[in-house]
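Worksheet: one structure, shown below.
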Amino acid sequence: MQTVNIANGINDASRLVLGCMRMPALSVTDAAKIIQTAYELGINYIDHATCYGGGEAETRFGDAIKLTDIKREELIIQSKCGLRFENQTFDWSRDYIVESVDGILKRLKMEYLDVLLLHRPDLLFEPEEVAEAFDMLEAAGKVRNFGVSNTMPMQIELLKKYVKQPIKINQLQLSLEQSQLIDQALYMNNSTTAMSYMRDDSALDYCRLNDITIQAWSPLQHGMFKGMFIDNPDFPELNKALAELAEQYGVTKAAIAIAWILRHPAKMQVIAGTMSQTHLTEMAEATNVNLTRQEWYKLYLASGKFLP
(Lines give C-alpha, C1' and ligand atoms only; values in the text may rest on other atoms or scores of the structure.)
Protein backbone atom coordinates (compact mmCIF):
# COMPACT_ATOMS: atom_id res chain seq x y z
CA MET A 1 0.00 0.00 0.00
CA GLN A 2 1.35 3.39 -0.99
CA THR A 3 1.50 5.99 1.77
CA VAL A 4 1.70 9.77 1.82
CA ASN A 5 3.13 12.18 4.36
CA ILE A 6 0.53 14.82 5.13
CA ALA A 7 2.13 18.18 5.87
CA ASN A 8 2.77 19.17 9.47
CA GLY A 9 3.06 15.79 11.06
CA ILE A 10 0.75 13.02 9.78
CA ASN A 11 3.25 10.55 8.36
CA ASP A 12 2.82 7.30 6.46
CA ALA A 13 -0.90 7.72 5.85
CA SER A 14 -2.30 5.13 3.45
CA ARG A 15 -3.32 6.49 0.04
CA LEU A 16 -6.57 4.54 0.36
CA VAL A 17 -8.89 5.53 3.22
CA LEU A 18 -11.57 3.24 4.65
CA GLY A 19 -14.79 5.28 4.60
CA CYS A 20 -17.27 4.05 7.19
CA MET A 21 -20.51 5.67 6.01
CA ARG A 22 -22.04 2.26 5.22
CA MET A 23 -20.75 0.47 8.33
CA PRO A 24 -24.09 0.66 10.21
CA ALA A 25 -25.43 -1.96 7.78
CA LEU A 26 -22.93 -4.50 9.14
CA SER A 27 -23.03 -6.59 12.27
CA VAL A 28 -20.25 -5.97 14.78
CA THR A 29 -18.59 -9.20 13.64
CA ASP A 30 -18.72 -8.25 9.96
CA ALA A 31 -17.52 -4.74 10.76
CA ALA A 32 -14.52 -6.27 12.53
CA LYS A 33 -13.78 -8.32 9.41
CA ILE A 34 -13.72 -5.29 7.10
CA ILE A 35 -11.53 -3.36 9.55
CA GLN A 36 -9.12 -6.29 9.79
CA THR A 37 -9.08 -6.71 6.01
CA ALA A 38 -8.31 -3.02 5.54
CA TYR A 39 -5.49 -3.22 8.08
CA GLU A 40 -3.98 -6.29 6.39
CA LEU A 41 -4.10 -4.47 3.06
CA GLY A 42 -2.10 -1.62 4.58
CA ILE A 43 -5.03 0.78 4.96
CA ASN A 44 -4.36 2.61 8.21
CA TYR A 45 -6.57 5.68 7.68
CA ILE A 46 -10.22 5.52 8.80
CA ASP A 47 -12.88 8.14 7.95
CA HIS A 48 -16.05 8.73 9.99
CA ALA A 49 -18.65 11.49 10.40
CA THR A 50 -21.21 12.21 13.09
CA CYS A 51 -23.98 11.98 10.49
CA TYR A 52 -23.09 8.47 9.29
CA GLY A 53 -26.02 6.49 10.60
CA GLY A 54 -26.63 9.25 13.13
CA GLY A 55 -23.42 8.23 14.89
CA GLU A 56 -24.06 4.50 14.53
CA ALA A 57 -21.03 4.07 12.23
CA GLU A 58 -18.74 5.28 14.99
CA THR A 59 -20.48 3.08 17.57
CA ARG A 60 -20.18 0.02 15.33
CA PHE A 61 -16.51 0.74 14.69
CA GLY A 62 -15.80 1.23 18.39
CA ASP A 63 -17.36 -2.14 19.20
CA ALA A 64 -15.81 -3.93 16.22
CA ILE A 65 -12.22 -2.78 16.68
CA LYS A 66 -12.15 -4.66 19.98
CA LEU A 67 -12.64 -7.91 18.08
CA THR A 68 -9.41 -7.36 16.12
CA ASP A 69 -5.78 -7.42 17.17
CA ILE A 70 -5.20 -3.89 15.87
CA LYS A 71 -3.71 -1.37 18.30
CA ARG A 72 -5.24 2.10 18.45
CA GLU A 73 -1.92 3.80 17.71
CA GLU A 74 -1.57 1.84 14.47
CA LEU A 75 -4.54 3.67 12.96
CA ILE A 76 -5.17 7.26 11.87
CA ILE A 77 -8.78 7.87 12.85
CA GLN A 78 -10.67 10.83 11.46
CA SER A 79 -14.21 12.05 11.94
CA LYS A 80 -16.24 15.01 10.75
CA CYS A 81 -18.79 17.23 12.43
CA GLY A 82 -21.02 20.13 11.47
CA LEU A 83 -23.70 18.51 9.35
CA ARG A 84 -26.90 18.16 11.39
CA PHE A 85 -29.50 16.08 9.58
CA GLU A 86 -31.78 16.10 12.63
CA ASN A 87 -32.61 19.78 12.20
CA GLN A 88 -31.48 20.38 8.61
CA THR A 89 -28.67 22.80 9.42
CA PHE A 90 -24.92 23.10 9.27
CA ASP A 91 -23.25 24.08 12.52
CA TRP A 92 -19.65 25.19 13.06
CA SER A 93 -20.37 26.89 16.37
CA ARG A 94 -17.85 26.45 19.17
CA ASP A 95 -20.19 24.59 21.49
CA TYR A 96 -21.44 22.22 18.82
CA ILE A 97 -17.93 21.34 17.61
CA VAL A 98 -16.76 20.59 21.15
CA GLU A 99 -19.95 18.69 21.98
CA SER A 100 -19.63 16.70 18.76
CA VAL A 101 -16.10 15.56 19.53
CA ASP A 102 -17.14 14.41 22.99
CA GLY A 103 -19.88 12.34 21.35
CA ILE A 104 -17.54 10.95 18.70
CA LEU A 105 -15.00 9.81 21.29
CA LYS A 106 -17.70 8.26 23.43
CA ARG A 107 -19.08 6.28 20.50
CA LEU A 108 -15.63 5.21 19.30
CA LYS A 109 -14.63 4.39 22.89
CA MET A 110 -11.36 6.24 22.34
CA GLU A 111 -9.53 9.07 24.03
CA TYR A 112 -8.54 11.14 21.00
CA LEU A 113 -9.06 11.72 17.29
CA ASP A 114 -6.08 11.93 15.00
CA VAL A 115 -8.01 14.26 12.69
CA LEU A 116 -11.22 16.30 12.96
CA LEU A 117 -12.76 17.78 9.80
CA LEU A 118 -15.47 20.41 9.65
CA HIS A 119 -18.16 18.79 7.51
CA ARG A 120 -19.19 21.09 4.66
CA PRO A 121 -19.33 24.85 5.16
CA ASP A 122 -21.69 26.37 7.68
CA LEU A 123 -22.93 29.50 5.92
CA LEU A 124 -23.25 31.23 9.30
CA PHE A 125 -19.86 30.21 10.70
CA GLU A 126 -17.89 32.59 12.85
CA PRO A 127 -14.15 31.86 12.51
CA GLU A 128 -13.44 33.13 16.01
CA GLU A 129 -15.70 30.40 17.43
CA VAL A 130 -14.04 27.72 15.33
CA ALA A 131 -10.66 28.91 16.61
CA GLU A 132 -11.85 28.68 20.21
CA ALA A 133 -13.18 25.16 19.64
CA PHE A 134 -9.95 23.97 18.03
CA ASP A 135 -7.88 25.46 20.87
CA MET A 136 -10.05 23.76 23.49
CA LEU A 137 -9.94 20.38 21.76
CA GLU A 138 -6.19 20.53 21.16
CA ALA A 139 -5.44 21.65 24.72
CA ALA A 140 -7.57 18.81 26.11
CA GLY A 141 -5.72 16.27 23.95
CA LYS A 142 -8.95 15.25 22.24
CA VAL A 143 -7.95 16.19 18.66
CA ARG A 144 -4.45 16.22 17.22
CA ASN A 145 -5.01 17.55 13.67
CA PHE A 146 -7.68 19.58 11.89
CA GLY A 147 -9.14 20.03 8.43
CA VAL A 148 -12.28 20.70 6.42
CA SER A 149 -14.44 19.13 3.74
CA ASN A 150 -15.97 20.61 0.59
CA THR A 151 -14.57 24.01 1.50
CA MET A 152 -13.47 26.71 -0.92
CA PRO A 153 -10.12 28.51 -0.73
CA MET A 154 -11.35 31.86 0.56
CA GLN A 155 -13.35 30.15 3.30
CA ILE A 156 -10.17 28.38 4.35
CA GLU A 157 -8.30 31.70 4.24
CA LEU A 158 -10.92 33.21 6.52
CA LEU A 159 -10.49 30.31 8.93
CA LYS A 160 -6.71 30.64 8.83
CA LYS A 161 -6.93 34.28 9.90
CA TYR A 162 -8.17 33.11 13.30
CA VAL A 163 -7.30 29.42 13.64
CA LYS A 164 -3.70 28.79 14.68
CA GLN A 165 -3.70 25.07 13.85
CA PRO A 166 -2.77 24.17 10.24
CA ILE A 167 -5.67 23.11 8.01
CA LYS A 168 -4.25 19.82 6.76
CA ILE A 169 -7.10 18.10 4.87
CA ASN A 170 -9.87 19.08 2.46
CA GLN A 171 -12.31 16.36 1.39
CA LEU A 172 -13.54 17.06 -2.14
CA GLN A 173 -15.56 15.09 -4.66
CA LEU A 174 -13.54 13.68 -7.54
CA SER A 175 -13.99 10.82 -9.96
CA LEU A 176 -13.45 10.23 -13.65
CA GLU A 177 -17.03 11.32 -14.26
CA GLN A 178 -17.18 14.06 -11.63
CA SER A 179 -13.90 15.77 -12.50
CA GLN A 180 -14.85 19.43 -12.12
CA LEU A 181 -11.99 19.81 -9.64
CA ILE A 182 -9.49 19.55 -12.49
CA ASP A 183 -11.48 20.47 -15.60
CA GLN A 184 -11.56 24.25 -15.56
CA ALA A 185 -7.83 24.77 -16.04
CA LEU A 186 -7.94 22.85 -19.32
CA TYR A 187 -10.91 24.77 -20.73
CA MET A 188 -9.97 28.21 -19.44
CA ASN A 189 -11.52 31.04 -21.45
CA ASN A 190 -13.40 28.58 -23.68
CA SER A 191 -16.94 29.86 -24.20
CA THR A 192 -18.05 26.71 -26.04
CA THR A 193 -18.25 24.49 -22.96
CA ALA A 194 -19.61 24.71 -19.41
CA MET A 195 -16.46 22.92 -18.28
CA SER A 196 -14.71 26.29 -18.45
CA TYR A 197 -16.79 27.60 -15.54
CA MET A 198 -14.91 28.25 -12.31
CA ARG A 199 -16.87 26.24 -9.74
CA ASP A 200 -14.47 25.99 -6.80
CA ASP A 201 -12.12 28.99 -6.90
CA SER A 202 -9.14 26.82 -7.93
CA ALA A 203 -9.42 24.59 -4.88
CA LEU A 204 -7.03 21.99 -6.29
CA ASP A 205 -4.17 24.41 -6.90
CA TYR A 206 -4.88 26.23 -3.65
CA CYS A 207 -4.58 23.01 -1.66
CA ARG A 208 -1.32 22.11 -3.39
CA LEU A 209 0.12 25.57 -2.74
CA ASN A 210 -0.85 25.40 0.93
CA ASP A 211 0.18 21.80 1.68
CA ILE A 212 -3.42 20.69 2.20
CA THR A 213 -4.00 17.05 1.30
CA ILE A 214 -7.10 16.40 -0.78
CA GLN A 215 -9.19 13.34 0.08
CA ALA A 216 -11.28 12.36 -2.94
CA TRP A 217 -14.73 11.07 -2.05
CA SER A 218 -17.11 9.06 -4.26
CA PRO A 219 -14.25 7.99 -6.57
CA LEU A 220 -16.50 5.60 -8.55
CA GLN A 221 -19.71 7.64 -8.55
CA HIS A 222 -21.36 9.77 -11.19
CA GLY A 223 -23.42 12.81 -10.34
CA MET A 224 -24.30 13.43 -6.72
CA PHE A 225 -24.74 9.89 -5.35
CA LYS A 226 -26.44 8.68 -8.54
CA GLY A 227 -24.59 5.37 -8.51
CA MET A 228 -21.42 3.91 -9.97
CA PHE A 229 -20.24 4.52 -13.52
CA ILE A 230 -18.49 1.13 -13.46
CA ASP A 231 -20.46 -1.25 -15.74
CA ASN A 232 -23.09 1.43 -16.22
CA PRO A 233 -24.48 1.32 -19.81
CA ASP A 234 -24.71 5.12 -19.80
CA PHE A 235 -20.88 5.26 -19.93
CA PRO A 236 -19.87 2.85 -22.71
CA GLU A 237 -16.66 4.59 -23.83
CA LEU A 238 -15.40 5.00 -20.29
CA ASN A 239 -16.07 1.38 -19.40
CA LYS A 240 -14.38 0.23 -22.61
CA ALA A 241 -11.24 2.20 -21.75
CA LEU A 242 -11.32 0.99 -18.15
CA ALA A 243 -11.70 -2.63 -19.29
CA GLU A 244 -8.73 -2.38 -21.66
CA LEU A 245 -6.44 -1.02 -18.96
CA ALA A 246 -7.80 -3.40 -16.34
CA GLU A 247 -6.86 -6.32 -18.57
CA GLN A 248 -3.45 -4.83 -19.26
CA TYR A 249 -2.63 -4.34 -15.58
CA GLY A 250 -4.42 -7.45 -14.31
CA VAL A 251 -6.77 -5.57 -11.97
CA THR A 252 -10.43 -4.55 -11.91
CA LYS A 253 -11.99 -1.54 -13.61
CA ALA A 254 -12.60 -0.01 -10.19
CA ALA A 255 -8.89 -0.24 -9.40
CA ILE A 256 -8.05 1.55 -12.65
CA ALA A 257 -10.56 4.32 -11.88
CA ILE A 258 -8.95 4.85 -8.48
CA ALA A 259 -5.44 4.64 -9.94
CA TRP A 260 -6.47 7.51 -12.24
CA ILE A 261 -6.99 9.73 -9.18
CA LEU A 262 -3.84 8.52 -7.46
CA ARG A 263 -1.80 9.29 -10.59
CA HIS A 264 -2.46 13.01 -10.19
CA PRO A 265 0.64 14.81 -8.86
CA ALA A 266 -1.33 16.37 -6.00
CA LYS A 267 -0.75 13.07 -4.12
CA MET A 268 -4.37 12.76 -3.03
CA GLN A 269 -5.90 10.13 -0.81
CA VAL A 270 -8.98 8.25 -2.03
CA ILE A 271 -11.88 7.28 0.23
CA ALA A 272 -13.09 3.73 -0.36
CA GLY A 273 -16.58 3.39 1.04
CA THR A 274 -17.17 -0.28 0.30
CA MET A 275 -17.98 -2.67 3.12
CA SER A 276 -17.15 -5.71 0.97
CA GLN A 277 -13.85 -7.42 1.79
CA THR A 278 -13.58 -8.57 -1.81
CA HIS A 279 -14.21 -5.16 -3.32
CA LEU A 280 -11.87 -3.46 -0.85
CA THR A 281 -9.12 -5.90 -1.76
CA GLU A 282 -9.71 -5.19 -5.45
CA MET A 283 -9.71 -1.43 -4.89
CA ALA A 284 -6.46 -1.61 -2.92
CA GLU A 285 -4.74 -2.96 -6.04
CA ALA A 286 -5.00 0.57 -7.45
CA THR A 287 -1.95 1.57 -5.43
CA ASN A 288 0.12 -0.90 -7.45
CA VAL A 289 -0.88 0.67 -10.78
CA ASN A 290 1.09 3.61 -12.12
CA LEU A 291 -0.72 4.88 -15.19
CA THR A 292 1.31 6.53 -17.92
CA ARG A 293 0.48 10.07 -18.99
CA GLN A 294 -1.07 8.71 -22.19
CA GLU A 295 -3.21 6.20 -20.26
CA TRP A 296 -4.36 8.90 -17.84
CA TYR A 297 -5.50 11.14 -20.71
CA LYS A 298 -7.09 8.18 -22.48
CA LEU A 299 -9.38 7.68 -19.49
CA TYR A 300 -10.03 11.40 -19.13
CA LEU A 301 -11.14 11.68 -22.74
CA ALA A 302 -13.21 8.50 -22.51
CA SER A 303 -15.15 10.06 -19.65
CA GLY A 304 -16.60 12.63 -22.05
CA LYS A 305 -13.93 15.34 -22.07
CA PHE A 306 -12.11 16.70 -25.12
CA LEU A 307 -8.81 18.40 -25.74
CA PRO A 308 -9.36 22.05 -26.74
Side-chain angles (χ1 to χ4, degrees), residues 6 8-10 13 17-21 23-24 31 35 44-66 70-151 155-156 158-160 162-171 212-213 215 217 269 271:
I6 296 171
N8 300 298
I10 307 176
V17 175
L18 180 65
C20 296
M21 184 173 70
M23 191 166 280
I35 296 167
N44 63 4
Y45 206 112
I46 312 296
D47 178 66
H48 286 283
T50 56
C51 63
Y52 293 168
E56 187 58 34
E58 292 161 336
T59 299
R60 195 64 44 82
F61 185 93
D63 292 336
I65 193 72
K66 294 180 178 180
I70 304 169
K71 297 178 181 178
R72 166 65 182 90
E73 58 270 19
E74 294 177 310
L75 298 177
I76 301 168
I77 297 181
Q78 166 180 289
S79 193
K80 304 183 287 292
C81 71
L83 199 164
R84 304 186 69 175
F85 283 142
E86 74 275 12
N87 61 12
Q88 293 295 290
T89 64
F90 295 97
D91 192 342
W92 286 11
S93 65
R94 180 196 60 195
D95 291 346
Y96 185 68
I97 294 170
V98 173
E99 174 188 321
S100 294
V101 171
D102 287 340
I104 291 166
L105 295 178
K106 182 178 180 179
R107 290 188 292 273
L108 289 172
K109 301 173 180 63
M110 296 178 180
E111 296 181 353
Y112 68 93
L113 281 177
D114 293 286
V115 186
L116 174 70
L117 305 186
L118 299 178
H119 202 173
R120 292 191 175 275
D122 171 13
L123 300 180
L124 300 177
F125 88 90
E126 299 181 41
E128 299 93 334
E129 286 204 20
V130 175
E132 290 178 24
F134 283 9
D135 286 345
M136 292 168 64
L137 293 169
E138 183 179 56
K142 295 179 179 180
V143 179
R144 296 183 174 181
N145 302 279
F146 299 87
V148 294
S149 77
N150 307 288
T151 301
Q155 293 172 315
I156 297 175
L158 180 57
L159 275 176
K160 287 167 62 176
Y162 297 91
V163 172
K164 69 181 183 183
Q165 296 82 3
I167 302 299
K168 301 183 180 182
I169 305 288
N170 194 2
Q171 272 192 13
I212 297 172
T213 295
Q215 293 177 345
W217 57 267
Q269 292 177 288
I271 299 174

| query | Side chains of Asp91 and Thr89: donor-acceptor distance under 3.5 Å anywhere? | reply | no
| remark: Of all heavy-atom pairs linking Asn44 and Glu74, the shortest is CB-O, 3.7 Å
| Can you name the one residue among Glu58, Arg107, His119 that meets side-chain hydrogen bond (donor to acceptor under 3.5 Å, both in side chains) with Ser79? | Glu58
| Under 6.0 Å from the NZ atom of Lys109, do we count more than 12 heavy atoms belonging to anything else shown? | yes
| Exercise: identify the closest heavy-atom pair between Asn150 and Trp217 | OD1-NE1, 3.0 Å
| Just by modelled atom types, is the Asp135 backbone N or O under 3.5 Å from a matching donor or acceptor in the Glu138 side chain? | no
| task | Taking all heavy atoms of Tyr112 and all of Gly141, pick out the closest pair and write down the distance. | result | CB-O, 3.3 Å
| Asn145 and Gln165: side-chain donor and acceptor closer than 3.5 Å? | no
| query | For the salt bridge (charged side-chain N to carboxylate O under 4.0 Å, His left out) test, which of Lys142, Arg72, Lys168 pairs with Asp114? | reply | Arg72
| task | Using modelled atom types only, decide if a donor and an acceptor are shared between the side chain of Trp92 and the backbone of Arg120 within a distance under 3.5 Å. | result | yes
| field | Considering all heavy atoms, the nearest Ile104-Lys80 contact | value | CD1-O, 4.4 Å
| task | Check Leu116 against Val143 and note the closest heavy-atom contact, atom names and distance. | result | CB-CG1, 3.7 Å
| task | Would you name the heavy atoms of Tyr96 and Glu86 that are closest together and state the gap between them? | result | OH-OE2, 4.4 Å
| task | Mark yes or no for whether Asn170, through its side chain, and Thr213, through its backbone, hold a donor-acceptor pair below 3.5 Å. | result | no
| message | I'd like to know if the side chain of Ser100 and the backbone of Val98 have a donor-acceptor N/O pair within less than 3.5 Å. | response | no
